> 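Quick one: this structure, given as structure tokens, is what I'll be asking you about.
Numbers restart at 1 for each chain; the letters A, B, ... are given by sequence-line order, proteins then strands. If you're wondering where the values come from, they're calculated on a predicted model, not measured in any experiment.
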Amino acid sequence: MSRREDHIDLNGSPSGGGTPGGGPPGGGTPGDKEILRYLNREMSEEERYAFEKKMEADPFLYEAVQGLEGLNLAELGADLKSLKEQIRPRKKQPLPILRIAAALALLMVAGFSIWRLTISPLPKEELASETVVNPDTLVAVSESPAKNNEAAEEASDDPIARAATESPELEKPSEQAKAPAIAPQPTASGSSAGKPIVAGPEVADALTAEEQADITLDDETVLELAEIVTSEKLSTDDLILNELATGESLGFDEDSFASGGIAENEESREAIARAPAPALTEARSLATSEREYTKSMKKTSGAVSKSASREFPEAKDDASALNPELAAPESGWVNFASSIKNNQVVSNDMEDGKVGLRFSLDENGNPQAIEVINSLCGPCDAEAIRLLKASGKWAYNEGVTGRPTTFVYITIRK
Amino acid sequence: MWRQYLAKRERNVLALLYERYLTLVYGVCLNYLKDREEARDASMEIFEKLLSTQGGHDVDKFRTWLYVVAKNHCLMKLRSKKGQEEKKMQLFMEYGDYAHPLDEDEIDRSPQLHECLEGLKAEQKSCVALFYFEKKSYQQIAELERLDVKEVKSYIQNGKRNLKICIESKNE
């Protein structure tokens with residue numbers, strides 16, 4: 001089920017949950033959309049009064065709002081979604097033979113992966129032979145033997161990294177080394193798929209390798225990886241990866257665009273420090289960084305989640321809870337961060353620091369009702385709001401209903 | 001749609017209809033049961049109840065009827081959970097009209113209403129007047145009266161109830 005379907009469905013399709021009683025805003029019986037806007041305090045004073053007047057005249061609405069006020073919107077969205085799934089008629093099941101075939105195929109893939117990851121001897125030699133095939137790569141090995149050993153050790157420690165190491169995709173960086181002219185990708189090349197991955201096709205391949213490895217991992221690891229792939233935490237490390245791949249710093253650090261869940265990541269910093277200099281071949285840089293990236297993501301994803309919830313607790317009593325998982329820029333976090341950095345217009349009366357903005361999205365995905373939550377200085381706040389507006393469209397994450405507020409930090413650098 | 005469902009007894013039709021009111025039903029269940037999981041269960045039980053109903057209810061007032069069904073279902077759950085204590089405290093709601101004179105489209109400005117309004121306690125009177133005559137939202141009244149929003153809502157509810165009793169006694 002796509003996000004868009006959910007979005008339309010939960011927000012108000014003409015016949016669906018949108019408008020119980022079919023009432024248009026301002027008249028008739030309030031629909032889900034109005035209820036959510038009221039709960040999320042998105043209404044003007046007049047709208048609010050009109051809604052409350054309806055509540056007073058309608059015990060059904062009154063009691064429902066009383067009950068719903070205790071929930072934050074993410075919880076409400078999840079509950080309604082699960083209820084609707086139970087109520088909706090079940091779709092026709094595919095033919096049993098197809099289901100059996102699909103199950104068999106899945107079992108075979110899973111069995112093979114388990115064998116590769118557990119029973120089969122670890123092909124360290126294989127890795128070595130792959131890496132030394134290319135004379136360009138040999139130079140890299142001789143220049144940084146410690147790093148390679150370290151990388152190989154890490155790869156053997158970590159099943160995910162090991163899967164990535166084993167996967168044939170890692171040969172690609174070697175191929176790339178033969179033609180370094182094509183290696184660095186433009187840093188802000190707008191990723192058409194909305195994914196902020198700009199380090200070239202190898203990164204996508206590495207992710208595919210991780211996803212393949214997921215099949216055999218335990219639930220917790222799969223969950224971690226799912227978080228990595230789906231949440232904005234990915235983009236922090238994409239940024240790091242991007243820096244490694246291009247051999248140049250983009251000039252902004254993680255916390256310059258931290259959106260709630262993105263916290264500082266010591267291991268990722270370490271990964272940057274340990275990465276080979278751009279003078280080395282691009283291939284080694286990518287091969288090492290991919291493994292370190294994977295490892296650091298796995299090791300720290302739990303910590304990042306914890307720190308995220310510590311920094312931005314979901315306020316139980318506040319309907320507009322600061323939930324960092326609610327929305328993301330459509331162009332991806334990397335492009336968003338570039339936009340913030342490159343378009344900044346600073347003046348003498350401004351200072352360095354962060355401005356925290358809370359906002360919701362209008363129906364076109366543009367930030368609306370922007371509020372300054374962490375003020376830096378008057379002109380800084382104004383510039384942060386201008387930058388957010390100019391940064392492009394946003395989209396609510398899957399499963400989010402209504403138009404709840406989300407939160408972002410904009411870093412001002414004088 | 002309810003009529004359509006009763007004619008054909010198709011689950012899909014009822015599902016579509018119920019989805020329209022799901023947020024309200026779930027909210028009411030939460031209001032009484034104070035627990036997400038129990039409220040979700042209750043919302044599904046109410047749907048099953050509708051599926052098994054034999055009809056005969058006024059189609060035009062499906063929404064009102066649904067509210068009564070939902071509320072009574074939750075009260076029943078509460079009663080069975082907490083034993084007989086609840087029975088004394090909570091009376092089951094009967095299906096009927098619940099309109100208050102103040103909530104009519106045209107606000108009743110009869111002398112009885114004003115007399116009864118004067119007879120209310122100070123907080124109830126000011127909250128009712130600010131809400132219905134000054135058109136202030138709960139939040140605005142809370143700020144003006146230095147009260148909590150919950151208190152404001154409570155004063156309005158109690159004020160309205162007392163007003164209704166007062167007006168009905170005067171009309172008899």
> Ignoring hydrogens and angles, state whether a donor on the side chain of A:Y38 or A:E52 is under 3.5 Å from an acceptor on the partner side chain.
yes
> Which residues satisfy the salt bridge (charged side-chain N to carboxylate O under 4.0 Å, His left out) test with B:K136, sequence neighbours excluded?
none
> Hey, what's the ring geometry for B:W65 with B:F62, parallel, tilted or perpendicular (30° and 60° as the breaks)?
tilted
> Please flag which part of B:F47 lies under 4.5 Å from any non-hydrogen atom of chain A: side chain, backbone, both or neither.
side chain
> Can a salt bridge be assigned to the pair B:R63 and A:D58 using a cut-off of 4.0 Å between side-chain N and carboxylate O?
yes
> Between A:Y62 and chain B, with a heavy-atom cut-off of 4.5 Å, which part of the residue counts as in contact: side chain, backbone, both or neither?
side chain
> Is it true that B:R36 and A:E75 make a salt bridge, defined as a side-chain N closer than 4.0 Å to a carboxylate O?
yes
> Salt bridge check, A:E46 against B:K135: does any charged N sit closer than 4.0 Å to a carboxylate O?
no
> Between A:E45, A:M55, A:R48, which has the largest tally of heavy atom pairs under 4.5 Å with chain B?
A:E45
> Can you check whether anything in residues 145-154 of chain B gets within less than 4.5 Å of chain A, heavy-atom wise, and list it by number?
B:K153
> With sequence neighbours left out, which residue pairs that include part of residues 360-375 of chain A fulfil the salt bridge (charged side-chain N to carboxylate O under 4.0 Å, His left out) condition?
A:R358-A:E371
> With B:E118, which residues qualify under salt bridge (charged side-chain N to carboxylate O under 4.0 Å, His left out), at least two apart?
B:K125
> Checking B:L33 against chain A: side chain, backbone, both or neither under 4.5 Å from a heavy atom?
neither
> Non-hydrogen atoms of chain A under 4.5 Å away: do they reach the side chain of B:E37, the backbone, both or neither?
neither
